[in-house]
Amino acid sequence: MRLQANADAVELGTDVRAALDAQQPIVALESTIIAHGMPWPQNVETALAVEADVRAGGAVPATIAIVDGRLKAGLTHDELERVGREGVAIAKASRRDIPVLVARGVGGATTVAATMIVAALAGIRVFATGGIGGVHRGAQASFDISADLQELARTSVAVVCAGAKSILDFPLTLEYLETQGVPVIGYRTDRFPAFLQRDSGLRLDARCDEASEVARVMHAKWRLGLDGGIVVANAIPEAFALAGDALERATETALAEARTRGIAGKALTPFLLARVNALTGGRSLRSNVELVRNNARLAADVAVAYAAMDERREARSSKRV
Ligand code: PSU
Ligand code: MN
């Protein structure tokens, strides 16, 4: 069954509902990054700063999570605080976890995949996050490929991110996205960014230098019935990028620890992220916050440009009637 926009399936925050009704720009935001990606209280502070960045850019933020078994787009301050305080105690929710959590009436922090699903159900087309999941190093043996990549193949949302983390295999991640027909657009760059670093060393086929160009690609793709997501790769600002060697050493240590401890499945990504952060002396947290905010600002610009295109198209088609 194809995913249809079905706002009734999603409980909307007051601002989000008003923005959807008025066809104003909206940016979806995920909650795994809050609950599993950063420590409290920096996670809640960051989530609020990111929402403010989206507002400053002229769009309405819609932070997405599962609250007491309900899919929500646009959390209240209390709900956001709860997700942040509960942290890893709240389930990490990807596509396959949604039905279980909804049926049980319990909460979940949505990954990129699950956030895309809820955003698409609500009719939200732009989403800002830190980094997407991908093909893990050693996936040839472990089969560990994030469900985020399958979701990008099928669900029509543009995901603004800083590329992918060093815990992943970049070439295999890009190969997978190519096979699945997912455009990967470098924003003002020809290179795939590597989260805390600006350049993974891999070239991208597509580049856009303005948010309006990204919006035109979104329009072209979906107007032609080419369902599925788009990766908008936005490199971390130079001032906050980390040096490579220490990061690679920390990544290798974290991977070895995960192997020794037998950590796999959905626990692997949060484990690796936390260990790399600890092994780099927490330096990565500040950079992480800055790159998410940078993505939120670009996502707001893209949402504004996309909404303006939608309006122009509607104005044209209503003239014809
Ligand atoms: N990458 C990060 N920070 C994160 C994640 C990825 O730098 O918090 C989270 C996102 O929510 C992403 C998820 O969707 O991890 C992917 O997990 P998995 O590899 O288990 O699919
Ligand atoms: Mn996995």
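Order of listing sets the numbers, starting from 1, for every ligand and every atom in it.
Within the sub-2.8 Å shell of the Mn ion (ligand 2), the protein contributes these N/O/S atoms: Asp144 OD1.
Numbered from 1 in the order shown, with element, the atoms of ligand 1 that lie under 4.0 Å from a heavy atom of His136 read 19 (O). In summary, the atoms of ligand 1 found under 4.0 Å from a heavy atom of Leu273, numbered by their order in the structure, are 2 (C), 3 (N), 4 (C), 5 (C), 7 (O), 8 (O). With ligand atoms numbered from 1 in the order given, ligand 1 contributes 17 (O), 18 (P), 20 (O) to contacts under 4.0 Å with heavy atoms of Lys92. Near Asp148, meaning under 4.0 Å from one of its heavy atoms, ligand 1 places the atoms 12 (C), 14 (O), 16 (C). The ligand atoms of ligand 1 that sit less than 4.0 angstrom from a heavy atom of Lys165 are 7 (O). Under a 4.0 Å criterion applied to the non-hydrogen atoms of Ile33, ligand 1 contributes the atoms 8 (O).
At a 3.5 angstrom cut-off on N or O pairs, Val112 counts as close to ligand 1. Any N or O atom pair closer than 3.5 Å counts here, and Lys266 shares no such pair with ligand 1. At under 3.5 Å, a nitrogen or oxygen of Glu30, whether backbone or side chain, sits near a nitrogen or oxygen of ligand 1. Every N/O-N/O distance between Thr111 and ligand 1 stays at or above 3.5 Å.
In this structure, a donor-acceptor pair under 3.5 Å is absent between the side chains of Glu248 and Ser166.
The two atoms that bring Ser94 and Ala113 nearest to each other are OG-CB, 3.6 Å, heavy atoms only. Between Ile90 and Ala35, the shortest heavy-atom distance links the atoms CG2-CB, 3.4 Å.
Under the rule for a salt bridge (charged side-chain N to carboxylate O under 4.0 Å, His left out), the partners of Arg55 that lie at least two apart in sequence or sit in another chain are Asp15.
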Requested in this report: Check step by step if side-chain contact (heavy atoms from CB on, under 4.5 Å) holds for Val118 and Lys72.
Outcome: CA-CA 8 Å; Val118 177; Lys72 287 212 67 172; over 6 Å; no
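The single protein non-hydrogen atom nearest to atom 21 (O) of ligand 1 is Ser146 OG, 2.7 Å, given as residue, atom name and distance. Nearest to atom 6 (C) of ligand 1 among the protein's heavy atoms is Gly131 O, 3.5 Å. In terms of protein heavy-atom proximity, atom 19 (O) of ligand 1 is nearest to Thr269 OG1, 2.6 Å. In terms of protein heavy-atom proximity, atom 9 (C) of ligand 1 is closest to Thr32 CG2, 4.0 Å.
The CG atom of Asn288 lies 4.0 Å from the CZ atom of Phe195; values are rounded to the nearest 0.5 Å. To the nearest 0.5 Å, atom CG of residue Leu255 and atom CZ of residue Phe271 are 9.5 Å apart.
Within a 6.0 Å sphere centred on CZ of Arg188, heavy atoms belonging to other residues, nucleotides or ligands number more than 12.
Not close to ligand 1: His36, with no non-hydrogen atom less than 4.0 angstrom away.
Under the 4.5 Å side-chain criterion, counting only non-hydrogen atoms from C-beta, Val102 is not in contact with Pro99.
The stretch residues 80-92 participates, sequence neighbours left out, in these salt bridge (charged side-chain N to carboxylate O under 4.0 Å, His left out) pairs: Asp68-Arg82, Glu81-Arg85, Arg82-Glu86. For residues 255-264, the pairs satisfying side-chain hydrogen bond (donor to acceptor under 3.5 Å, both in side chains) are Glu257-Arg275, with sequence neighbours left out.
Hydrophobic clustering (ILVMFWY, side-chain heavy atoms < 4.5 Å, transitive): Ile117 and Leu71 are in one cluster.
The backbone N or O of Phe240 sits less than 3.5 Å from a side-chain atom of Ser287, completing a donor-acceptor pair.
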